[in-house]
Amino acid sequence: MDKKVGKKILWTHNFKNEPGAGGVWMFNQYEYLKDDVDLYYLDRLRNPFQFIKHFFALRKLSKNYDIIHAQYGSAVGFLTSYTKACKILSLKGSDWYTAPNPSVLHKIRILVGGIFTKWSIRRFDHIIVMSDNMKSLVLQQYPSKHVETIVDPIDLKRFPKQKENEKEKNSIKKVLFASVNKNNPIKRFDLAKESFDILNTDFPNTELVVMSNIAHDKVCDFMKGMDVLLLTSTHEGWPNVVKEMLALNKPFVSTNVSDLDKIASQTKSCFVCKDDPIELSEALKKSLLAPKEDLRRFVLNFSMDNSISSYKRIYNKYL
């Protein structure tokens with residue numbers, strides 16, 4: 001790609017811009033910053049020839065920019081760390097945490113990705129993480145780095161506060177499990193299913209609903225019909241599905257990931273549990289029986305405006 005006149009910031013990424021892909025949050029943010037930011041798509045990074053091609057192309061291109069912002073760690077962060085500009089790295093979760101995977105090939109890929117992330121962090125001027133929990137872990141290993149928490153935003157206009165007459169009153173209570181791929185070992189669908197089955201035995205008027213590969217503009221309407229979110233991940237940065245449910249005043253039951261315990265401790269309907277199906281099922285029952293409360297308040301600070309303002313503050317520091 002060629003540099004567009006007047007732009008000083010380049011975002012590097014490896015996200016496909018298509019429904020169900022993992023980078024929808026980045027493209028949403030880009031729409032608000034596209035007058036100041038160019039994108040560089042690092043595609044086919046598992047191909048060694050393509051990897052080397054990107055290495056040299058990005059180094060050359062980076063001379064035209066003041067700031068290069070890697071939107072992910074792993075190979076994206078590694079390649080960006082060798083560019084000729086001020087460098088910012090956003091860690092999202094799976095590029096920092098060790099993820100389980102039954103496949104030997106995937107285990108090797110995850111191991112290499114983790115090595116790339118840890119190797120390259122020292123060469124970045126600023127690190128952005130998704131949660132205070134992540135920030136603490138990064139600073140333990142890199143105490144001299146500039147690390148701050150900026151949670152990926154939720155577009156509150158897409159998830160407006162529900163009017164009373166819009167609220168679902170389901171005779172069968174619906175438990176939502178959401179994942180781009182429910183077989184992703186990080187998401188642990190088996191744990192979710194086991195937890196739900198225990199709930200369903202004692203609380204038969206319940207249904208487990210899986211949301212997968214739904215276009216983002218359809219997600220709000222889908223979630224309006226749900227009663228509670230069940231999240232059983234091994235780790236998360238700051239899960240978007242939780243933000244979106246909270247924006248609609250829908251509670252969550254989750255394993256102990258991200259900063260969700262800070263929210264759960266302030267509510268009567270949200271719960272953070274051990275990786276135990278019995279405990280999770282009991283929490284689901286409590287959540288379904290809990291009184292309605294204002295959960296949207298927890299995501300008001302995660303607005304797009306706040307996120308963009310935080311990015312601009314960091315950029316202005318280095319421009």
**Prompt:** Are the aromatic ring centres of H13 and Y40 under 6.0 angstrom apart?
**Reply:** no
**Request:** Tell me who clusters with I278, hydrophobic residues only, linked when side chains sit under 4.5 Å apart either directly or through other members.
**Result:** I198
**Item:** Option among L199, V175, T255 that satisfies the side-chain contact (heavy atoms from CB on, under 4.5 Å) test with L230
**Value:** V175
**Request:** Would you tell me whether N200 and T206 have side-chain atoms, one donor and one acceptor, within less than 3.5 Å of each other?
**Result:** yes
**Asked** Taking only residues two or more places apart in sequence, or in another chain, which ones meet R313 in a salt bridge (Lys or Arg N to Asp or Glu O under 4.0 Å)?
**Response** E148
**Item:** Mutual orientation of the aromatic rings belonging to Y82 and F78 [parallel < 30°, tilted 30-60°, perpendicular > 60°]
**Value:** perpendicular
**Item:** Near-ring test F177/F189, centroid separation under 6.0 angstrom
**Value:** yes
**Request:** Take D152 and K92 through the salt bridge (charged side-chain N to carboxylate O under 4.0 Å, His left out) test and state the conclusion after the steps.
**Result:** CA-CA 9 Å; D152 279 340; K92 299 299 177 180; 3.0 Å; yes
**Asked** Taking only residues at least two apart or on different chains, which pairs with a member in residues 260-284 satisfy ring-ring contact (aromatic ring centres under 6.0 Å, His included)?
**Response** none
**Prompt:** How would you list all residue pairs meeting side-chain hydrogen bond (donor to acceptor under 3.5 Å, both in side chains) that involve residues 256-265, not counting sequence neighbours?
**Reply:** D132-K262
For a quick test of your reading: what N or O donor-acceptor pairs under 3.5 Å do the side chains of residues 136-145 make, sequence neighbours left out?
unit_1: Y142; atom_1: OH; unit_2: K118; atom_2: O; d: 2.9
unit_1: K145; atom_1: NZ; unit_2: R122; atom_2: O; d: 3.2
unit_1: K145; atom_1: NZ; unit_2: F124; atom_2: O; d: 2.4

**Request:** Return the set of residues passing ring pair (Phe, Tyr, Trp, His ring centres under 6.0 Å) with F56 (not counting sequence neighbours), or none when no residue passes.
**Result:** none
